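Below you'll find the structure, written out as structure tokens, and then a few comments.
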Number of protein chains: 2
Amino acid sequence: MSTPHAILISLLERPSSGYDLARRFDRSMGYFWRATHQQIYRELGRMLQQGWVAVIGETTGEAATPRKKVYQVLPAGRAEVVRWVQETDTDVDGRNVFLIKLRAEAVIGPLGLDAELERLVALHRARLQTYLDIEQRDFSPADALTHAQQVQYAILKGGIRSEQSWLAWAEEVLPLLKS
Amino acid sequence: MSTPHAILISLLERPSSGYDLARRFDRSMGYFWRATHQQIYRELGRMLQQGWVAVIGETTGEAATPRKKVYQVLPAGRAEVVRWVQETDTDVDGRNVFLIKLRAEAVIGPLGLDAELERLVALHRARLQTYLDIEQRDFSPADALTHAQQVQYAILKGGIRSEQSWLAWAEEVLPLLKS
DNA sequence: GGTGACATGTAACGTGTTACATGATTTC
DNA sequence: GAAATCATGTAACACGTTACATGTCACC
């Protein structure tokens, strides 16, 4: 449910052809969201029908051959992005979905994402606490762990570290969203 | 392509019913891998046919009603886990896939995951460097950034922090896998 | 004239998600 | 005896992935 919106936001940043989008999703955008060209063409077709985007360029050479089609976001598409960003149901694990929303804020302007970020912070704090509790309960005597236990502990420590790092980031970002 | 293997590893840890598995995938396992009960039953059916697992309990009350079916991993299933773990094509973004593999190492024993972790470390180092390059190029004068640029920078910093944290974790885990 | 990048699509398949469905056992 | 939990499953749909398919343009 996020791919079409990721595409819309990319198009808001710069009107592009499907091919262009596919390349951007392989590069900068691709670091936090993936989409193949088949997916992109499928979504562009749907969004055309829904009136979210329009073709502006259509540099058709002369024959019936498909030549570069440049897509642009229509007001309805922009409104849809705002609606989607503000439907505050980002999943705890859907960190990248939040990054897409941030990208929307960068291109559209303040969208009130601070409330959602605070919600996510609370969820991640709770999860971190769960991990720390498990650590206390299962891995408290740091020595005397079997190999299997050490590996399990390593998995847990990965979770702890990742939550801590995410929280530190969120604390840094929050002031930016409070306007 | 990883869900059946996540299930197999869960079953190696403890033979269970589909219902049991579903609950575990909502709790401990669920922190890094998700699967609904429908998915689990579907996969259990397939794995039965492939001879990877067998039903041992089948506590059928008396009527034709479905009662607790306990699944156990067969040698072929265990071999499949080892094969899958050692096919070293974990994706850079598929961090959680590597966590499942670690869990397999915890339950089966050393599987030579150090080589793959080193491969991943190299990929993450390269990605981190890419991010740092972008930081240098686009956000060098820390002041004089528009709001939009600050938000974009925040997204980038999220990537940087996440890579650094992952790398620190990997450095810590690596010695454990070198046996 | 051949290779590689540009550019757009269709079709088939696998997996994950949502909704529906049924019945047994335990607890209040 | 009603409600919650245990327990297993089917069906339809949405989405992502892989493979296939076609044709243009620029460059050597």
Side-chain angles (χ1 to χ4, degrees), chain A residues 1-8 10-11 15-27 29-30 32-50 53 55-71 84 89 91 93-94 96-97 100, chain B residues 1-8 10-11 15-27 29-30 32-50 53 55-71 84 89 91 93-94 96-97 100:
Chain A
M1 292 292 261
S2 313
T3 300
H5 299 95
I7 293 172
L8 280 177
S10 255
L11 285 179
S16 323
S17 66
Y19 188 84
D20 263 8
L21 283 168
R23 271 194 335 193
R24 272 200 274 162
F25 272 84
D26 262 359
R27 297 181 187 181
M29 197 73 170
F32 57 96
W33 204 262
R34 303 235 160 234
T36 61
H37 80 271
Q38 294 90 334
Q39 242 181 109
I40 289 166
Y41 285 124
R42 189 197 271 166
E43 293 301 340
L44 284 175
R46 287 179 190 169
M47 291 199 258
L48 254 184
Q49 284 193 317
Q50 283 189 280
V53 297
V55 178
I56 45 167
E58 190 110 37
T59 322
T60 320
E62 47 258 353
T65 29
R67 212 60 208 126
K68 199 169 190 167
K69 283 189 196 172
V70 175
Y71 289 84
W84 175 77
D89 59 342
D91 195 89
D93 300 304
N96 297 336
V97 174
I100 295 181
Chain B
M1 292 294 260
S2 313
T3 300
H5 298 97
I7 293 173
L8 279 176
S10 256
L11 285 179
S16 325
S17 66
Y19 188 85
D20 262 9
L21 283 168
R23 271 194 333 192
R24 273 202 273 161
F25 272 85
D26 261 0
R27 298 178 186 186
M29 197 73 171
F32 57 96
W33 204 262
R34 304 236 158 233
T36 61
H37 81 270
Q38 294 91 334
Q39 242 180 109
I40 289 168
Y41 286 123
R42 189 198 271 165
E43 293 301 340
L44 284 175
R46 286 179 192 170
M47 293 200 259
L48 254 184
Q49 285 193 319
Q50 284 189 281
V53 297
V55 178
I56 44 167
E58 189 111 37
T59 321
T60 319
E62 46 258 352
T65 28
R67 211 57 209 125
K68 202 169 189 167
K69 282 188 196 171
V70 176
Y71 290 84
W84 175 77
D89 60 343
D91 194 270
D93 299 304
N96 297 336
V97 174
I100 295 180

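Remember, predicted model here, so these are calculated numbers, not experimental data. Here is the naming used below: chain letters follow the sequence lines, and residue numbers restart at 1 for every chain.
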Most 5' of A/Glu43 and B/Tyr41 on DNA chain D, judged by nearest nucleotide
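By nearest-heavy-atom nucleotide position, the 5'-most residue is B/Tyr41.
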If only side-chain N and O atoms of [X] are considered, is one of them under 4.0 Å from the OP1 or OP2 phosphate oxygen of [N]?
X: A/Arg34; N: D/dC15; answer: no
X: B/Tyr19; N: D/dT8; answer: no
X: A/Ser17; N: C/dC6; answer: no
X: B/Gln39; N: C/dT15; answer: no
X: B/Lys68; N: C/dA24; answer: no
X: A/Arg46; N: D/dA14; answer: no
X: A/Thr36; N: D/dT18; answer: no

[N] [atom2] sits how many Å from [X] [atom1], rounded?
X: A/Leu44; N: C/dT8; atom1: CG; atom2: P; answer: 9 Å
X: A/Ile40; N: D/dC15; atom1: CD1; atom2: P; answer: 15 Å
X: A/Asp91; N: C/dT17; atom1: CG; atom2: C1'; answer: 13 Å
X: B/Trp33; N: C/dT17; atom1: CH2; atom2: C1'; answer: 16 Å
X: A/His5; N: D/dC15; atom1: NE2; atom2: P; answer: 11 Å
X: B/Leu21; N: D/dA7; atom1: CG; atom2: C1'; answer: 13 Å
X: B/Asp20; N: D/dG9; atom1: CG; atom2: P; answer: 14 Å
X: A/Phe25; N: C/dT8; atom1: CZ; atom2: P; answer: 15 Å

Can you identify which nucleotide, out of [options], has its nearest atom closest to the [X] side chain?
X: A/Tyr71; options: C/dG16, C/dG9, D/dC6; value: C/dG9
X: A/His37; options: D/dC6, D/dA7, C/dG9; value: C/dG9
X: B/Met1; options: C/dT17, D/dG16, C/dT15; value: C/dT15

Note, [X] side chain near [Y] side chain (heavy atom, < 4.5 Å):
X: A/Ile7; Y: A/Val53; answer: no
X: B/Val97; Y: B/Trp84; answer: yes
X: A/Arg34; Y: B/Asp93; answer: yes

Minimum heavy-atom separation for B/Tyr71 to B/Leu44, with atom names?
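Looks like CE1-CD1, 3.6 Å.
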Shortest non-hydrogen separation from B/Ala22 to B/His37 and the atoms involved
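Here B/Ala22 and B/His37 meet closest at CB-CB, 3.8 Å.
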Does B/Arg42 contact C/dG16 through a side-chain donor or acceptor facing the base, at a distance under 3.5 Å?
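A donor-acceptor contact between them is present.
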